[in-house]
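Take a look at the structure below.
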Amino acid sequence: MNTALLYHLLDVDPADGPAELLHRARGSRHLPHLVLSALAREDVRMGEPARAELRRARARADRYAGLAHDLARSTGVRAIHGLPLAGYYPADLLRPQAALDLVAPGEAALWQAVVRLVTDHPVETIDVTLLGDRPHHTAVTVRWPAEDPLLDPWYRVRLATAALPGDCATVPVRPYLVADDHVECLIALAEAQLGRKGGAGAAVGPPDPLTLLDLSCLTDQPFEPAETAAVLAAYRLAPEAAALLDLAAPLLPLGTLAAVRTALTPELAPERRRRAEAAATPRLPVRHGTLLRRTVIRHTWDEARLLGTGDSHEGALLLTPVADYLLGAPDASPTLADRSTALDALHHWDTHC
């Protein structure tokens with residue numbers, strides 16, 4: 001990967017120079033840090049503010065990598081999506097790292113990791129979502145300020161008991177990723193396209209520049225076409241992978257991924273038929289937790305406790321090792337009466353359980 005590819009993907013005329021490239025990158029999530037690292041690699045002159053920004057970004061990436069290593073060793077969670085993709089970038093290029101994504105082998109490991117983060121860092125927000133019902137999967141996002149919260153994004157760590165959440169409709173939750181690392185990275189890129197489709201895998205608009213840069217780092221990996229296509233089909237992602245590769249083909253050489261795209265063709269129609277049949281079934285319930293209170297860490301709890309009545313658990317209480325929540329639909333906010341009732345129920349639980 002070189003700056004010529006960055007100019008191409010960000011639609012900047014090389015004659016406009018590095019300043020315009022960086023300006024355009026600032027409108028594309030965290031790409032400025034990648035552009036700064038690419039310019040530094042080519043010894044482009046830059047001032048101390050830009051160098052300081054790049055140093056902070058590198059420190060942030062190193063901190064995420066350290067967190068992933070420490071939590072893997074102590075709790076069994078492992079990094080997915082962004083951090084493994086960063087490993088395919090040249091060592092002196094900094095892949096944007098908006099968040100650290102981790103998958104836990106079970107709920108107990110997830111909460112052990114959350115407790116570690118809350119203990120070791122100034123965590124300010126802990127968001128919880130439950131996916132599905134009996135059994136459900138748990139997703140937690142913790143955030144805390146950067147060293148300079150006015151200039152740099154907050155640290156964000158996302159943990160889940162399911163590696164691939166699907167779309168809550170026709171693509172199911174797939175808890176585990178079991179494949180070669182480069183295949184898992186391709187799976188992650190295809191999964192990210194689920195929210196951008198128009199129908200069964202028909203992508204809307206070109207992929208963002210970061211996705212294309214990620215693909216460019218995978219094009220020389222040893223993909224076995226038939227096997228890779230079969231794995232993508234097993235993970236219900238053949239349409240998304242095919243659409244992504246079709247959109248990327250005019251913009252960058254696909255290398256070994258071109259043969260993968262060919263091998264995906266016979267997998268598309270069966271997956272689209274399966275989704276059409278699955279569309280008639282109820283959507284997977286998603287319940288978001290509204291924070292009621294942070295608690296003293298409950299070190300003896302291995303898992304969260306769900307308190308409520310009825311099959312849907314709407315309005316139920318979720319008591320976790322670090323905080324307590326009122327559950328509801330993701331797009332609904334509890335009323336003051338809902339919160340008051342929930343707090344009364346917590347008080348009753350505190351005094352009688």
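Note that these values count all heavy atoms, side chains included, but never hydrogens, waters or copies made by symmetry.
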Is it true that, when you exclude Arg45 itself, more than 12 heavy atoms of the residues, nucleotides or ligands shown sit nearer than 6.0 Å to its CZ?
no

Are any of the side-chain heavy atoms of Val142 and Glu124 separated by less than 4.5 Å?
no

State, yes or no, whether a side-chain contact exists between Thr228 and Leu257 at a heavy-atom distance under 4.5 Å.
no

Check whether any side-chain heavy atom of Asp92 sits under 4.5 Å from a side-chain heavy atom of Ser37, and report yes or no.
no

Sidechain-backbone polar pair: Arg174 side chain, Pro172 backbone, donor-acceptor under 3.5 Å:
yes

Are the side chain of Thr295 and the backbone N or O of Ile297 linked by a donor-acceptor pair below 3.5 Å?
no

So, the side chain of Arg158 versus the backbone of Val103: is there a donor-acceptor pair under 3.5 Å, distance only?
no

Going by salt bridge (Lys or Arg N to Asp or Glu O under 4.0 Å), name the residues that satisfy it together with Asp181, two or more places apart in sequence or in a different chain.
none

Where the side chain of Arg274 meets the backbone of Thr170, is there a donor-acceptor pair that is under 3.5 Å apart?
yes

Are His182 and Phe223 near enough that their ring centres are under 6.0 Å apart?
yes

Are Val296 and Val114 connected into the same hydrophobic cluster when the rule is that any two of I, L, V, M, F, W, Y join if their side-chain heavy atoms are below 4.5 Å apart?
no

Ignoring hydrogens and angles, tell me if any N or O in the side chain of Thr219 forms a donor-acceptor pair with the backbone of Ser216 under 3.5 Å.
yes

Say whether, by atom type as modelled, one donor and one acceptor occur between the side chain of Thr351 and the main chain of His348 under 3.5 angstrom.
yes

Can you tell me if Thr211 and Asp208 form a side-chain donor-acceptor pair at under 3.5 Å?
yes

Ion pair Glu53/Arg56, N-O distance below 4.0 Å:
no

Side chains of His288 and Leu327: does their closest heavy-atom pair fall under 4.5 Å?
no

Would a distance-only check, ignoring hydrogens and angles, find a side-chain to backbone donor-acceptor pair under 3.5 Å from Glu191 to Gly166?
yes

Using a distance-only test with no angle check, is there a side-chain donor-acceptor pair under 3.5 angstrom linking Glu42 and Thr3?
yes

Indicate, with yes or no, if Trp154 and Leu102 share a hydrophobic cluster defined by side-chain heavy-atom contacts under 4.5 Å among Ile, Leu, Val, Met, Phe, Trp and Tyr.
no

Is Glu224 reaching over with its side chain to a backbone N or O of Ala226, donor-acceptor style, under 3.5 angstrom?
yes

For the side chain to side chain donor-acceptor pair (under 3.5 Å) test, which of Arg63, Arg143, Arg116 pairs with His121?
Arg63

Between Trp111 and Val140, is there a side-chain heavy-atom distance shorter than 4.5 Å?
yes

Scan for side-chain hydrogen bond (donor to acceptor under 3.5 Å, both in side chains) pairs involving residues 326-336, sequence neighbours excluded, and state none if there are none.
Thr335-Asp338

With side chains defined as the heavy atoms from C-beta onward, is the minimum distance between Leu110 and Val77 less than 4.5 Å?
no

Would you say the side-chain atoms of Glu107 pair up with the backbone N or O of Ala304, donor to acceptor, closer than 3.5 Å?
yes

Return yes if some donor-acceptor pair links the side-chain N/O of Arg24 with the main-chain N/O of Leu10 below 3.5 Å, else return no.
yes

Could you see if Tyr89 belongs to whatever hydrophobic cluster contains Leu54? Use Ile, Leu, Val, Met, Phe, Trp, Tyr and a side-chain cutoff under 4.5 Å.
yes

Do Leu292 and Leu317 have side chains that approach each other closer than 4.5 Å (heavy atoms only, starting at C-beta)?
yes

